[in-house]
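What follows is one structure encoded as structure tokens, with my remarks underneath.
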2 protein chains.
Amino acid sequence: MKKEKVRERIIRVASDLFYKQGYNSTGINQIIAEADIAIGSLYNHFSSKNDLLQAYLIKEELEWFEGFENSTSKISDPKEKLLALIDYRKKLQKTSKFAGCHFIKIVSETGEGNPSVSGFAKLHKEKQKDLIKTLVTEYGAQGQPADTDLIAENIFLLIEGAVVTSTINKQNDSFDQVKKIVQGLLP
Amino acid sequence: MKKEKVRERIIRVASDLFYKQGYNSTGINQIIAEADIAIGSLYNHFSSKNDLLQAYLIKEELEWFEGFENSTSKISDPKEKLLALIDYRKKLQKTSKFAGCHFIKIVSETGEGNPSVSGFAKLHKEKQKDLIKTLVTEYGAQGQPADTDLIAENIFLLIEGAVVTSTINKQNDSFDQVKKIVQGLLP
DNA sequence: GTCTATACTAAGATAGAC
DNA sequence: GTCTATCTTAGTATAGAC
């Protein structure tokens, strides 16, 4: 494991703070303090706070799919993999103390104020939905055909609903109910 | 229609800004400028920005249920009322240009930083879920019994998922798919 | 109760020494 | 490439005149 570069440390520290306390509530001063660098160094690596935000988005996107891969690579059955996806989101919520989805959070915060953010989030969610759609299609190929797209959309929306609900309620029971419902959708 | 009091105007202006650009991105200076008052007047009515935030939450909670009542008071059939609830959320998204749910937004922004906010949001969402549960129970009383709670949770999560999805995608087609799915749940 | 003036802190960002 | 010092603007909030 090679030494963490300064640039990587900045991204890691900033990402943590953006996620935990929000982008707008996190100041440059706090980032450099926790990363233990001078402000000149930060601006040597990033041209602006918004530049850091882009790096944050890219990092979280990458880690989301890496984390999913790590959690489910051993599972090949599509239905089991879908249930494992739900468990993955549930686990993310627990380990983050119900801090919520990075992308829903940042869109809620920046909204129209930063179009590149919502564009990035849109692509991210599309990839998640495609993942679900692929698994549902695989599942459908095993048994009887069905309205694949609608089932995929159904599962996607249930998971998104469970994520925001568990964020607000600070408890994960919504995911268990989603698993029960999905079991019913894929008999 | 009686004249709008200063206090009410402050709340209205602040609420608009909090919703459209975010709480943390909205400064006191901007609020007093758009409300056309002096800063001394604002602090005569509200002890702090957080005090204004509480007024914002109460206002939006009230208006949400008032708006629902206005949109659906003529409908008595529970299934129709559930579908009208989906249309109501869809309409809110359209008229706000997909600004999202007030409560999901503010929780995303303040998170752990303001426990009274997440507590308020939790209660608000519980009321929404109770509304759905009541309607599903009414519906169940007409026909065959079913797992009422799970169906209510299912519908609730689908709607929450559709709201966040439509916020990110800036389009409302998720609601149409939710309606289709709910039609299937309530045959 | 509404105003102006001001205090104090922090924000994001830049310049220039080393 | 990392540092300190500094600029400018904006943040929330208070004091005190009218």
Side-chain angles (χ1 to χ4, degrees), chain A residues 2-59 105-106 108-117, chain B residues 2-59 105-106 108-117:
Chain A
K2 69 179 185 182
K3 209 183 115 205
E4 188 185 40
K5 296 279 180 13
V6 175
R7 189 191 148 87
E8 288 160 2
R9 187 166 78 247
I10 297 172
I11 295 178
R12 179 175 53 78
V13 168
S15 296
D16 268 16
L17 292 170
F18 289 167
Y19 184 46
K20 292 295 181 188
Q21 13 174 284
Y23 175 72
N24 288 315
S25 302
T26 301
I28 298 287
N29 293 331
Q30 190 182 9
I31 294 170
I32 62 172
E34 298 204 11
D36 202 34
I37 53 163
I39 188 164
S41 294
L42 190 151
Y43 280 98
N44 185 48
H45 288 283
F46 298 93
S47 66
S48 68
K49 192 186 175 187
N50 186 65
D51 196 19
L52 249 177
L53 174 55
Q54 305 303 320
Y56 166 65
L57 295 176
I58 291 167
K59 173 177 183 278
K105 246 181 100 83
I106 192 67
S108 293
E109 218 180 328
T110 62
E112 295 294 281
N114 201 327
S116 76
V117 169
Chain B
K2 68 180 185 181
K3 210 182 114 205
E4 189 185 41
K5 296 279 180 8
V6 175
R7 188 190 149 89
E8 289 160 0
R9 186 165 79 248
I10 297 171
I11 295 178
R12 178 175 54 78
V13 167
S15 296
D16 268 16
L17 292 171
F18 289 167
Y19 184 47
K20 292 295 180 187
Q21 14 174 279
Y23 175 73
N24 288 315
S25 302
T26 301
I28 298 287
N29 294 331
Q30 190 182 9
I31 295 170
I32 62 172
E34 298 205 10
D36 201 35
I37 53 164
I39 189 165
S41 294
L42 189 151
Y43 281 97
N44 185 48
H45 289 283
F46 299 93
S47 66
S48 68
K49 192 186 175 186
N50 186 65
D51 196 18
L52 249 177
L53 174 56
Q54 305 304 319
Y56 165 65
L57 295 176
I58 292 167
K59 174 177 183 278
K105 245 181 101 83
I106 192 68
S108 292
E109 217 179 331
T110 62
E112 295 294 282
N114 201 327
S116 76
V117 169

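Chain letters run A, B, ... following the sequence lines, proteins first and then strands; every chain starts at 1. No hydrogens, no waters, no symmetry mates; every other heavy atom, side chains included, goes into these values.
Following rounding to the nearest Å, B:K5 (NZ) and C:dG1 (P) show an atom-to-atom distance of 10 Å. We find that NE2 of A:H45 is positioned 9 Å from P of D:dC3, with the value rounded to whole Å. We find that CG of B:N44 is positioned 10 Å from P of C:dC3, with the value rounded to whole Å. As a whole-Å value, the separation of A:L42 CG from D:dT4 P is 14 Å. Going from atom CG of B:L53 over to atom P of D:dA13 covers 12 Å, rounded to whole Å. Remark: C1' of C:dA10 and CD of A:Q30 are 12 Å apart, rounded to the nearest angstrom.
A:Q54 and A:S116 are linked by a side-chain donor-acceptor pair at a separation below 3.5 angstrom, with hydrogens and angles left out of the test.
For the pair A:Q30/A:E34, a side-chain contact is recorded, criterion being any heavy-atom separation below 4.5 Å from C-beta on. You'll find the side chain of A:V13 stays beyond 4.5 Å of the side chain of A:D36, heavy atoms only. A:L52 has its side chain within reach of A:I31: a pair of non-hydrogen atoms, C-beta onward, lies under 4.5 Å apart.
When the side-chain nitrogen and oxygen atoms of B:S41 are compared with OP1 and OP2 of C:dC3, one or more of them lie within a distance under 4.0 Å.
In this structure, the ring pair (Phe, Tyr, Trp, His ring centres under 6.0 Å) partners of B:Y23, at least two apart in sequence or on a different chain, are B:F18. Every residue two or more places apart in sequence or in another chain that forms a side-chain contact (heavy atoms from CB on, under 4.5 Å) with B:E112 is listed here: A:K170.
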Which letter, B, S or -, goes with each nucleotide of nucleotides 12-18 of chain C from 5' to 3', with contact meaning a protein heavy atom under 4.0 Å? SBB----

